[in-house]
Amino acid sequence: MDSRKVVCFIIFFFFPQFLITVSSSTEFCFTSACSRGEAIVQFPFRLENCHPKRCGYPGFDLFCNSQNQTIVELPNSGKFTIQAIEYETQNLWINDPEYCLPKRLLKLNLSGSPFTGVFYQDFTLFNCTFDYRGLDPIACLSGENYTVFATSHKRAISFLASECNLIATIGVPVQWTFLEPVLSSDLSGDLRLQWAAPLCRRCESRGRRCGFKSNSSTEIECSNVNRHGLPRRVRYALIVGAGVPAILCIVGLLCYIRGRVKRFGRERHTTVEFTSVAMPHSTITSGLDSTIIESYPKTVLGESRRLAKLDDSICSICLSGYMPKETLRSIPECQHCFHAECIDEWLRIKDSCPICRNSPNSS
Ligand SMILES: *[C@@H]1O[C@H](CO)[C@@H](O)[C@H](O)[C@H]1NC(C)=O
Ligand SMILES: *[C@@H]1O[C@H](CO)[C@@H](O)[C@H](O)[C@H]1NC(C)=O
Ligand SMILES: *[C@@H]1O[C@H](CO)[C@@H](O)[C@H](O)[C@H]1NC(C)=O
Ligand SMILES: *[C@@H]1O[C@H](CO)[C@@H](O)[C@H](O)[C@H]1NC(C)=O
Ligand SMILES: *[C@@H]1O[C@H](CO)[C@@H](O)[C@H](O)[C@H]1NC(C)=O
């Protein structure tokens, strides 16, 4: 599939009104993603096929592959999938698109990229002709007659050194510092990296948006954006481009209905039927009772969004990314998560999950 279509579909799907503005102000750097649940892409990152060049900092170009994964190409190490980006801490988590991270770690060289590890831990890899119980083998490097292990444990290293072939000792940019040496690991967990420049941490944590000061300068500025990440100019464009025609349409429709109703009333002379036309059955609501809504589980997000086991990094109702300390609520029947304030509002009006349309009420 053409990757350009993949990327831009999201924007138009989420923001149909963008069709009006994007064509008229292409210099606008909007927030994007390869698909739902993928990392949100914004400055200093940019999606190659969707954002103009000046929307991203040099070395921060990303693209979407045919499986809608977000990909970064590191200068000396090749392509990695981006699992998550945390703009407030300037951290990102990467993995191997071919699902054999240890193989990539043997050749990982971050020099030449803007990224470095946050925590490093040394692991020694051994190629053994025996399968040792109690040690986690690296399946994707092992063969029929040999097994590969990685360990950071001193005694395991000295034991395996006498029994097996040493492959290498590598510094792995792990997610957490381990307090004790790791006896064995299949090294498949995401790698945690950070970037030092451009420094947008403070800007992001204040809910503002970092970007280049102007078209030609490489200076960074921190500007105000609203909750949905739209700059003021675009918001005005939206109001003028979509709001005014919408109001005109509604006024026109009201005039038309009024005309019809009047004519109808004159023809029939019955007030009973007049009210039934003027008030169609739109007052029927199918929302849930607030006691039912309140009974759904709520969680407060920790400092690291990753602890919450979210399969989506944005709320599908308001389309904003989840921030630490925000309260989320999930629908027990389908486990879909949203901002509590968004889903409460939704469920008061409709009794179905906004994502899967399953009705929690049906059981
Ligand atoms: C990628 O995303 C598009 C649009 O969101 C979707 O139609 C397509 O099925 C996705 N492809 C894969 C492989 O998930
Ligand atoms: C990483 O790549 C740089 C540039 O190609 C090279 O100078 C450096 O020696 C490499 N480091 C390792 C550990 O291979
Ligand atoms: C491990 O050793 C076997 C031979 O015993 C060799 O074929 C294989 O390539 C080695 N694997 C690695 C990852 O070094
Ligand atoms: C593994 O060992 C067995 C028995 O020694 C041998 O028959 C087989 O060909 C070996 N497999 C590989 C892939 O070397
Ligand atoms: C920004 O710069 C590019 C080339 O550097 C130019 O093509 C483009 O017209 C400029 N845009 C604005 C709004 O000045």
Side-chain angles (χ1 to χ4, degrees), residues 44-46 48 53 56-63 65 69-85 90-178 181-199 218:
F45 294 92
R46 79 173 180 111
E48 268 175 8
K53 218 175 175 94
Y57 204 75
F60 288 77
D61 287 0
L62 308 178
F63 60 91
N65 68 5
Q69 292 169 308
T70 321
I71 303 287
V72 62
E73 188 160 7
L74 301 178
N76 292 313
S77 311
K79 289 172 183 152
F80 288 87
T81 50
I82 298 234
Q83 303 294 327
I85 305 174
Q90 304 203 163
N91 279 192
L92 75 157
W93 285 260
I94 62 170
N95 214 313
D96 177 27
E98 316 273 349
Y99 306 105
C100 191
L101 193 58
K103 193 170 163 189
R104 306 293 304 280
L105 280 167
L106 287 169
K107 285 177 270 175
L108 185 73
N109 182 350
L110 292 175
S111 72
S113 87
F115 310 111
T116 56
V118 181
F119 309 115
Y120 281 98
Q121 177 138 15
D122 281 343
F123 280 90
T124 307
L125 276 72
F126 290 99
N127 190 350
C128 307
T129 46
F130 300 99
D131 198 352
Y132 294 98
R133 276 165 190 240
L135 293 186
D136 241 358
I138 298 175
C140 66
L141 286 183
S142 303
E144 195 184 341
N145 294 335
Y146 59 94
T147 314
V148 175
F149 298 104
T151 177
S152 67
H153 197 281
K154 271 212 177 95
R155 280 177 58 196
I157 291 174
S158 59
F159 169 73
L160 290 175
S162 63
E163 303 268 316
C164 312
N165 288 324
L166 187 139
I167 300 174
T169 297
I170 49 178
V172 179
V174 288
Q175 300 193 39
W176 315 105
T177 41
F178 298 99
V182 181
L183 183 57
S184 74
S185 165
D186 65 356
L187 296 180
S188 62
D190 298 346
L191 307 181
R192 181 179 185 171
L193 305 179
Q194 62 186 348
W195 67 93
L199 197 60
T218 52

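Indexing begins at 1, ligand by ligand and atom by atom, following the structure's order.
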J.: When you measure from atom 13 (C) of ligand 2 to every protein heavy atom, which one gives the shortest distance, and what is it?
T.: N109 ND2, 4.6 Å

J.: Does F80 have R104 sitting over its ring (NZ/CZ under 6.0 Å from centre, angle to axis within 45°)?
T.: yes

J.: Charged N to carboxylate O below 4.0 Å: is that the case for D96 and K103?
T.: no

J.: Taking atom 7 (O) of ligand 2 as the reference point, report whether a protein heavy atom occurs under 4.0 Å from it.
T.: no

J.: For atom 5 (O) of ligand 2, state which one of N76, L110, I170 supplies the nearest heavy atom.
T.: N76

J.: Below 4.5 Å, heavy atoms only, C-beta onward: do L160 and L135 meet side chain to side chain?
T.: yes

J.: Got more than 12 heavy atoms from elsewhere within 6.0 Å of CZ, F119?
T.: yes

J.: Do the side chains of T177 and Y120 get nearer than 4.5 Å, heavy atoms only?
T.: no

J.: Any protein heavy atom lying closer than 4.0 Å to atom 3 (C) of ligand 4?
T.: yes

J.: Give me the residue, atom name and distance of the protein heavy atom closest to atom 9 (O) of ligand 3.
T.: Y146 OH, 4.0 Å

J.: Counting N and O atoms only, with roles assigned by atom type, does the side chain of Q194 sit under 3.5 Å from a partner on the main chain of F115, one being a donor and the other an acceptor?
T.: no

J.: Any idea which atoms of ligand 2 are less than 4.0 Å away from a heavy-atom of S111?
T.: 1 (C), 2 (O), 3 (C), 4 (C)

J.: Measure the distance from atom 1 (C) of ligand 3 to every protein heavy atom, then report the residue, atom name and distance (to 0.1 Å) of the closest one.
T.: N127 ND2, 1.4 Å

J.: May I ask you to list the atoms of ligand 4 that are less than 4.0 angstrom from any heavy atom of N145?
T.: 1 (C), 2 (O), 3 (C), 8 (C), 10 (C), 11 (N), 12 (C), 14 (O)

